[in-house]
A.B. asks: 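Here it is: the structure, laid out below.
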2 protein chains.
Amino acid sequence: MRVDELDAKIVRLFTEEQRMSVLEASRILKVARATVQARLDRMTANGVIAHWVPQPEPRAFGFPVVAFCFLTINQDLGHDAVSRALAAIPEVIEVHTVSGDSDLMARVAARSNSDLQRVLDIIMATKAVVRSSSVIALNTHFEGRTLPLLEAAARG
Amino acid sequence: MRVDELDAKIVRLFTEEQRMSVLEASRILKVARATVQARLDRMTANGVIAHWVPQPEPRAFGFPVVAFCFLTINQDLGHDAVSRALAAIPEVIEVHTVSGDSDLMARVAARSNSDLQRVLDIIMATKAVVRSSSVIALNTHFEGRTLPLLEAAARG
DNA sequence: GGCCGCCCTGAGCAGAATGCGCAATGAAGG
DNA sequence: CCTTCATTGCGCATTCTGCTCAGGGCGGCC
């Protein structure tokens, strides 16, 4: 979908001030309320706004450790079956099929470095994963920063 | 912060049905409206609910390619300076300092595989990055799936 | 030039939700 | 027993939402 600057401004407003109402946004942007409504509906329908939900932050409730695990899987099962098995583990936040030496990459949260070992053991215990190699995130500078990209897309 | 099952149920409700109002949530959960309000306020104040904003999805507006780039940086500058330089590039969605052979890991979005090359060139042009090695996400099975972890934390 | 579709606009209205305050209740812990 | 804190139910004024409608501006198309 093509987005324009008004779309980006709307998203930015609702991002910066989450108490923003559609009505007030329309006042600030000096457009009709129905316009803001229509833009939001259109972006939601087209998936540009993928979700608008309270995002729990694992760091804030006891899972400060984040690791990226590169997994070599049991090829007999297939990627989808393995990702389903991984989806059953709550500590697994994210799974991609990737290019390169490994088959899958998973983002994993844990209570501590030793707890990470426990989670990795659970992953290996699924029998779906043959080998894993992990990289620990020592410091997260930023994440989920998609707004600048939306604005870049809006400019052309 | 410690979360209980009510907290998790509240987050689940607002995640599954984003048109949910505080009032209706209180009706469904059979608690007072003020309680739901208080829980949401508390979770927001403690960062358990990190953000509650429209999340733009790059795939939906022209950036279907996602890659994870492992960067070796110019040590003279330091991680923070480099991450600031990367923050100026809208295609860079996420940056972590990581353990292992590389210094930083960045999640990068791009319009296509060849466009990814363009973005990598921009990254290298900052002079902050000495070497990069990328892994392309061929298929995203799921991501941002933090709710199960919150529920696990709520159970104990 | 004239027609058409699309989007934005301003307005109105009923219904619903919010923000706020308050006193009472209940459970937990010292 | 007393204190503390979360929860509860209630009410009120204010605000927002969902919905609808007719009108106007604009670009594309024949």
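Proteins come first, then strands; the chains are lettered A, B, ... in the order of their sequence lines, and each starts at number 1.
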A.B. asks: Under 4.0 Å between a side-chain nitrogen and a carboxylate oxygen: does that hold for A:Glu17 and A:Arg19?
C.D. replies: no

A.B. asks: Can you pull out the residues from residues 27-52 of chain B that lie within a 4.0 Å heavy-atom distance of DNA chain C?
C.D. replies: B:Arg27, B:Arg33, B:Gln37

A.B. asks: With distance as the sole criterion, is a donor-acceptor pair present between the side chains of A:Gln117 and A:Asp121 under 3.5 Å?
C.D. replies: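 Yes, a side-chain donor-acceptor pair sits under 3.5 Å.
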
A.B. asks: Thinking salt bridges, do A:Asp7 and A:Arg2 make one under a 4.0 Å N-O criterion?
C.D. replies: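 Result for this pair is no, no salt bridge flagged.
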
A.B. asks: If the threshold is 4.0 Å, N to carboxylate O, is there a salt bridge linking A:Arg155 and A:Glu151?
C.D. replies: no

A.B. asks: What's the angle between the local helix axes at either end of the helix from C:dG1-D:dC30 to C:dG30-D:dC1, using five pairs per end and rounding to 10 degrees?
C.D. replies: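 Between the axes fitted at each end of the helix from C:dG1-D:dC30 to C:dG30-D:dC1 lies an angle of 40°.
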
A.B. asks: Considering all heavy atoms of both residues, which atom of A:Met124 and which atom of A:Val130 are nearest to each other, and what is their separation?
C.D. replies: CE-O, 3.5 Å

A.B. asks: Heavy atoms of chain B, cut-off under 4.0 Å: which first and last nucleotide of DNA chain C, 5' to 3', fall inside that, if you could look?
C.D. replies: C:dA17 to C:dC20

A.B. asks: Looking at every non-hydrogen atom in both residues, tell me the closest pair between A:Leu71 and A:Ser132 and how far apart they are.
C.D. replies: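 Smallest heavy-atom distance, with atoms named: CD2-CB, 3.4 Å.
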
A.B. asks: What is the distance, rounded to the nearest whole Å, between atom CG of A:Leu23 and atom P of D:dC19?
C.D. replies: 16 Å

A.B. asks: Without decimals, in angstroms, what is the distance between B:Met1 CE and D:dA6 C1'?
C.D. replies: 13 Å

A.B. asks: Is A:Glu5 paired with A:Arg39 through a side-chain N to carboxylate O contact shorter than 4.0 Å?
C.D. replies: no

A.B. asks: Rounded off to whole Å, could you give me the CD-to-P distance for the B:Glu24 and D:dT17 pair?
C.D. replies: 16 Å

A.B. asks: Are any of the side-chain nitrogens in A:Asp115 or A:Arg118 under 4.0 Å away from the carboxylate oxygens of its partner?
C.D. replies: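 The answer is yes: the pair qualifies as a salt bridge.
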
A.B. asks: Taking it one step at a time, do A:Glu143 and A:Arg59 satisfy salt bridge (Lys or Arg N to Asp or Glu O under 4.0 Å)?
C.D. replies: CA-CA 13 Å; A:Glu143 59 186 342; A:Arg59 275 178 259 277; 2.7 Å; yes

A.B. asks: So among B:Asp41, B:Leu150, B:Leu40, which one has a side-chain contact (heavy atoms from CB on, under 4.5 Å) with B:Ile49?
C.D. replies: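 Testing each of B:Asp41, B:Leu150, B:Leu40 against B:Ile49, the sole residue satisfying side-chain contact (heavy atoms from CB on, under 4.5 Å) is B:Leu40.
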
A.B. asks: To the nearest Å, how far apart are A:Phe14 CZ and D:dT17 C1'?
C.D. replies: 12 Å

